[in-house]
Trainee: 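The structure is given below, and queries will be raised subsequently.
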Amino acid sequence: MYQRFRRGLRDELARNWEKINTFLVSAEDLDGTEIMDRVDANQFLASARTESEMIIRDGRRERVTEMISYIRSDGDTTEALVEFVNPRDRGTKYLMLDDELWMYFPDADDLVRISGHMLREGMMGSDFSYQDALESEKLTQLYDFLLEDTEMVAEREAYVIKATAKDGQDVAYYQRRFWVDAERFVILREEMYARDGRLLKDMVTHRVEEVEEDRWLPVELTMTDRLREDSETVYRITDIQLHYDIRDGLISLDSLR
Amino acid sequence: MHSKLTVYPLLLALALFLASVPVTAANWGGEIGLQTSVLYSGGFRTELQVHGVLEPFLPDQPPFSTRIAVEGAIAPSQAELDIRYLYLRWQEGSQQITVGRQPVGWGYGSMLNPLGYGLDVTGLGGQSVTPVVDGLRYTGSFGGGHRLDLVMDYAGSRGERSLHDLGYGARFRAPVAGWDFSANVSSQPLSLPLGPEPDALALQERLLRAGVSLKGDAGPVGVYGSLGLVRLHEANEQDILLQVGMDASTTLGSSYQRRPLTVQMEYLRFLGDTLNPGLLLAFGDDSGTQDMTTAPPSEDASGPMTGLFLINTTLQWDYFTHLGTALIWPVGTGTVVLAPYLVSDLGGNLELQVQGDMMRMTDGTYDFGVRLGLKRFF
């Protein structure tokens, strides 16, 4: 019986050797930029439709915002249309075109361009700023990355990546620190710092989902503003459809009505 | 509020549309609220009002869509029921035609839009007013954010309606090098009251406006402005209108828990001093139950209004609460209005609004009011 076990184990190792060997090679050879490139590749949404909710909690009060989003990217520029469907904000839409933000108000049947300085404000009063959403699509363009260490996060082995803003880049956070799942290449945790080293925000991923074979996305995460007490914003994707057939012109100023 | 909508063919078209949509497909929503006010103008008086909006959100039946909203208000001495929106929209590709009672917002980011169709007020003292018209609107999109709006409506507020009460306007809008550019033209009937009494005689005029507006960013600050020609046709008077404004935001220091503060200010005047910015207020509030906080021209004004200066500041106190103050200064009249406000989301789709306004009169006396409102969205 012992001989059969040894042969079985050897066969199993042979079948999975390429995967194991690749992982071991990855862990030794990847630098911070390569790891974040894989994260970007994982999170890259050529076209997608999501249904999601944002729950803002401050002490005992809570507000839920529900939205439907259409996202499209060609790798260089990302566009998104977000429509709110909860009673208070029903019909309000946001259109993000690269670094421009437009809002549509149903009671005016008109759209307004949002001033650039408002991009740093929280989306619908939350801890997620418009700039957070815009910058998350182009981290490798804005930051230099350094692999610092590996740690365990929620029983998952994670790379610890330190990111520093590149010279001349106007970014919301001068430094960031990412904990990236070493197998799935999703961000499990993130800290955002000001230039003087103050911790401004942190984000924790609570749940990830395998949306395609070997492709994982975070579907529930919490953002906390560390300069405020007893408050947080939970973002939860309730439905996601990748490779969604977004009709021509949907994510454009021309269709924002 | 509006008088009865009399576009019978529209009602017939809407009836046919609604007949094609199962009742169960409607997703009902709206709001209901209670407002109490304490006002002082030489003496105290109080007001109490219950108001609500009911709207069935119907699924589109391409190429048609519709919007129906009914609003009502009940006060101790009166009750009102009216249609806020009732329109049918046809859309094919980038062309769109809307018929019926509909909002026509031509705002471009200013608090007061002097070149809007009617009077656009956005975010002044926490309030917004969009003109609502009974008419026909064409919107064409030509790619790259280029858009043309053509509007025609039955306007006029007194007497029987006639073709002379027809208003019309056009707006071309385009993004230009990251800036939002608009060119507007409109011709609308205007009723200018000759006294403050509700039944005072009114001068029937036609207001012609043509101009351009621009909004964009100058570094960390938003800047905007508009320039146009305004003409009173019957009086044969005209003037050049200029509006400039800016908006900026900052985060208060750590001792204020880094609360975001936004400031917006703008100045409007007629360069030839022939016309008066108070002219625009004659459009009044046609949007229903929203109250305007701008001050009307006063008989007791120490002089004509030579300009209108507006400042609005908003502080995000926490995730749920905004505090703000609006300052409205009709330059040259000796009056000023200060309007603080608070809006707080109490959770469970319940919202608290507290609004105040204090008006300094030319004789040094003050009128003021405080309004407390509770609103539930569903």
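Residue numbers start from 1 in every chain, and the chains themselves are labelled A, B, ... in the order their sequence lines are given, proteins ahead of strands.
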Trainee: Can you tell me if B/Thr98 uses its side chain to pair, donor with acceptor, with the backbone of B/Arg89 under 3.5 Å?
Mentor: no

Trainee: Using non-hydrogen atoms only, which part of B/Thr122 is less than 4.5 Å away from chain A: side chain, backbone, both, or neither?
Mentor: neither

Trainee: Non-hydrogen atoms of chain B under 4.5 Å away: do they reach the side chain of A/Ser231, the backbone, both or neither?
Mentor: both

Trainee: Is chain A contacted by the side chain of B/Ser249, its backbone, both, or neither, given a heavy-atom distance below 4.5 Å?
Mentor: both

Trainee: For B/Lys375, does its backbone N or O pair with a side-chain atom of B/Glu31 as donor and acceptor, under 3.5 Å?
Mentor: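 No; judged by distance alone, with no hydrogens or angles, the pair does not exist.
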
Trainee: Is there a donor in the side chain of B/Thr321 and an acceptor in the side chain of B/Ser344, or the other way round, less than 3.5 Å apart?
Mentor: yes

Trainee: Side chain, backbone, both or neither: which part of B/Arg376 has an atom under 4.5 Å from a heavy atom of chain A?
Mentor: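 Interface part for B/Arg376: neither.
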
Trainee: Tell me, out of B/Gly178, B/Gly347, B/Gly140, who's got the most heavy-atom pairs with chain A below 4.5 Å.
Mentor: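 It is B/Gly178.
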
Trainee: Would you mind checking if B/Glu55 and B/Arg67 are paired as a salt bridge, meaning a charged N to carboxylate O distance below 4.0 Å?
Mentor: yes

Trainee: Quick test of your reading of the model: are A/Arg177 and A/Glu148 salt-bridged, counting only N-O distances below 4.0 Å?
Mentor: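 Here A/Arg177 pairs with A/Glu148 in a salt bridge, since their nearest N and O are under 4.0 Å apart.
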
Trainee: Heavy-atom pairs under 4.5 Å with chain A - which of B/Asn349, B/Asp247, B/Asp180 has more of them than the others?
Mentor: B/Asp247

Trainee: So which part of B/Val223 gets closer than 4.5 Å to some heavy atom of chain A, the side chain, the backbone, both or neither?
Mentor: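 Nothing of B/Val223, per the 4.5 Å heavy-atom cut-off to chain A.
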
Trainee: Determine whether the side chains of B/Tyr341 and B/Gln127 contain a donor N or O and an acceptor N or O closer than 3.5 Å.
Mentor: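 No pair is found: no donor N or O on one side chain lies under 3.5 Å from an acceptor on the other.
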
Trainee: Is a side-chain donor-acceptor pair under 3.5 Å present for B/Ser213 with B/Ser226?
Mentor: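 The answer is no; no qualifying pair exists.
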
Trainee: Measuring heavy-atom distances to chain A, does B/His146 have an atom under 4.5 Å in its side chain, in its backbone, in both, or in neither?
Mentor: backbone

Trainee: Determine the sole option in B/Arg173, B/Arg171, B/Arg137 for which the salt bridge (Lys or Arg N to Asp or Glu O under 4.0 Å) test with B/Asp149 is passed.
Mentor: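 Between B/Asp149 and the candidates, salt bridge (Lys or Arg N to Asp or Glu O under 4.0 Å) is satisfied uniquely by B/Arg137.
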
Trainee: Answer yes or no for B/Lys215 and B/Tyr108: cation-pi contact, defined as NZ/CZ to six-membered ring centre under 6.0 Å and angle to ring axis within 45°.
Mentor: no

Trainee: Just give me the residue among B/Gly109, B/Gly219, B/Pro220, B/Gly143 that pairs up with chain A most often, heavy atom to heavy atom, under 4.5 Å.
Mentor: B/Gly143

Trainee: Contact part of B/Tyr319 toward chain A, heavy-atom cut-off under 4.5 Å: side chain, backbone, both or neither?
Mentor: both

Trainee: Shorter than 4.5 Å, heavy atoms on both sides: which option in A/Arg63, A/Arg61, A/Arg113 has the most such pairs with chain B?
Mentor: A/Arg61

Trainee: Which one of A/Thr233, A/Asp107, A/Val112 has the most heavy-atom pairs closer than 4.5 Å to chain B?
Mentor: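 It is A/Asp107.
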
Trainee: Need one label for A/Arg90: side chain, backbone, both or neither, based on atoms under 4.5 Å from any heavy atom in chain B.
Mentor: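 Only the side chain of A/Arg90 comes within 4.5 Å of chain B.
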
Trainee: Side chain from CB out, backbone as N, CA, C, O: work out which of these in B/Gln102 comes under 4.5 Å of a heavy atom of chain A, or both, or neither.
Mentor: neither

